[in-house]
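Everything on this sheet refers to the single structure shown next.
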Amino acid sequence: MATFQTLPGFREFYPEDFARRNHVFRLWRQTANAFGFAEYDAPVLEPLDLYKAKSGDEIEAQLFSFTDKGGREVALRPEMTPTVCRLVGAKASALKRPIKWFSIAEFYRYERMQKGRGRCFSQFNADIFGEPGPEAEIELIALLVQCLCAFGLTEQDFYVRLSDRNLWFFYLEALGLDEPRIRAMLGAVDRHEKYGDEAFKVYGEQFGALDGGLKEKVLAFLRVKSLAELEQALAGIQPAGEEGSVGPKLVARLAEWKKLLGGLEAMGLARFVEVDLGVVRGLAYYTGFVFEAFDRKGELRALAGGGRYDDLVAKLGGPALPAVGFAIGDMTFALLLEQRGLMPKFVQVPDVYCVIGGEAERLAAFADIHTLRAAGFRVEYPMKELAFGKQFKAAAESGAKLALIYGGDELAKGVVKIRDLGQRTELEVGRAQVAATVREFFSGA
RNA sequence: GCGGUCAUAGCUCAGUUGGUUAGAGCACAAGAUUGUGAAUCUUGGGGUCGCGGGUUCGAGUCCCGUUGGCCGCCCCA
């Protein structure tokens, strides 16, 4: 048993694990490319203040942070958003709009592990900068859906819940709440799914008990599950001619909802998306539409989450720049794929396995082995001398399609015996024809 | 940060009310087998029973602590 243990919550990728991870990353990358997103990366270690500026001082408890040898307060990145805001903010005026970027990167959070959560994990991040309208959300939600569908997942397996912090803000404003009350109420809305009416307790402690009419209106809004219900709920709140200052904002917002849902429907994605105003997402930097993807069975943590954060680039020192983004975590996602039998088994299979008689034959084989490898074939051979019987067994077990046989007889005749391990047929070819014959076999296969 | 639960070979697990040198299957390796296939048989390597302490004539087994895994709470950017 090894003296040294892996640090808690960190992961090791043995070849089969690594193959699975590669598979996931490869399809994410391919999908993002299809949507015209450009890939970037950035440092793993960042100034601690970058995260404090975004999320507040409390965030430090959940970071891998320390003081470096130059006295700098630094942290391993727990997320990509502040970093990408800095990157984009620094060159905003030179970047062609819309700015569509993605990354696949590893992140670190000092947290207790749970199912689907560790201290290190990877995320696919995609963001659009410079587009204030719901066109950006359409593009991103479509990308999110496709990033899951690319693996064979369907609307039976997952769905995206769509909500809107702006809409809530305007609605609560129309109900007469001031900003502190609105923020507290959004906190209650966020917790309502889990705690029921208990969720309003904090609000009550802060601002006094909720009057029944208000609570009823909040609950009604929270239960909105479709555009039609939304229109109905809003119709009730803005009687014609009254509340003139709030009404137009809600009307304009409703138009954006129609645009967003209409766009997604036109893409054929309506079946993946559910209106659900019960989602507002924890941290307060989101400024508009927010969305989260969940498995349909509701057994797993959120698969992905995102939303609009129009103020963040400026807050982190860049120009005012509207932004929307989302992230998919790799851990919960891998669990879902395993659960649905959509994670392939990866075995490394050579194209060709060489069966080699002795030392002289080995040298002859080496010449062909290297030629074939240089041509892109995956070629294996036994590292040490083995009985022929063992070598044929090894060739069969390796999964190779072809065996090249370099025995004393063949060497003497200047030929190589090529055995089709699937068909169990053999033919002899001259040494000079080996590469061409192998190439022909695989181009036909 | 809090709670529950678990820890024996690379993996899955046995191991009796505490009793001699800790076992099996799988996997790995060698041989039977020096020119043809996933088989079979034989053999082998591999363990400070997570770590530390305690009780006892004696601890894998009981007690305490600790580390780590899993699950849940808080949190979830």
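Residue numbers begin at 1 in each chain, while the letters A, B, ... track the order of the sequences.
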Identified side-chain contact (heavy atoms from CB on, under 4.5 Å) partner of A:R340 from the options A:L335, A:D157, A:T154 | A:D157

Ignoring hydrogens and geometry beyond distance, is the side chain of [X] in donor-acceptor contact with the base of [N] at under 3.5 Å?
X	N	answer
A:E426	B:rU36	yes
A:R112	B:rC70	no
A:R109	B:rC76	no

Can you tell if the side chain of A:Y406 reaches within under 4.5 Å of the side chain of A:R431, non-hydrogen atoms only?
-> yes

Tell me which nucleotide, if any, is Watson-Crick or G-U wobble paired with [N] when both distances must be under 3.5 Å.
N	value
B:rA7	B:rU67
B:rA39	none
B:rC28	B:rG44
B:rC75	none
B:rG23	B:rC13
B:rA59	none

Under 4.0 Å, counting only non-hydrogen atoms across every strand here, what does [X] touch: a base, just sugar-phosphate, or nothing?
X	value
A:K384	sugar-phosphate
A:R77	nothing
A:E111	base
A:G118	nothing
A:E410	base
A:G389	nothing

Could you walk me through whether A:Y353 and A:Y381 pass the ring pair (Phe, Tyr, Trp, His ring centres under 6.0 Å) check?
-> CA-CA 6 Å; A:Y353 192 98; A:Y381 63 93; 8.4 Å; no

Considering heavy-atom distances to RNA chain B, does A:P78 or A:G408 have its closest nucleotide positioned more toward the 5' end?
-> A:G408

Starting at the 5' end of RNA chain B and moving along, which residue's nearest nucleotide shows up first, A:E299 or A:Q62?
-> A:E299

Whole Å only: how far is the CE atom of A:M113 from the P atom of B:rG68?
-> 8 Å

Can A:F392 be called stacked on B:rG37 when the rule is centres closer than 5.5 Å and an angle between planes below 30°?
-> no

Think A:R191 has a side-chain N or O under 4.0 angstrom from the OP1 or OP2 of B:rC75?
-> yes

Pairwise C1' distance, B:rC2 and B:rA77 [rounded to whole Å] | 23 Å

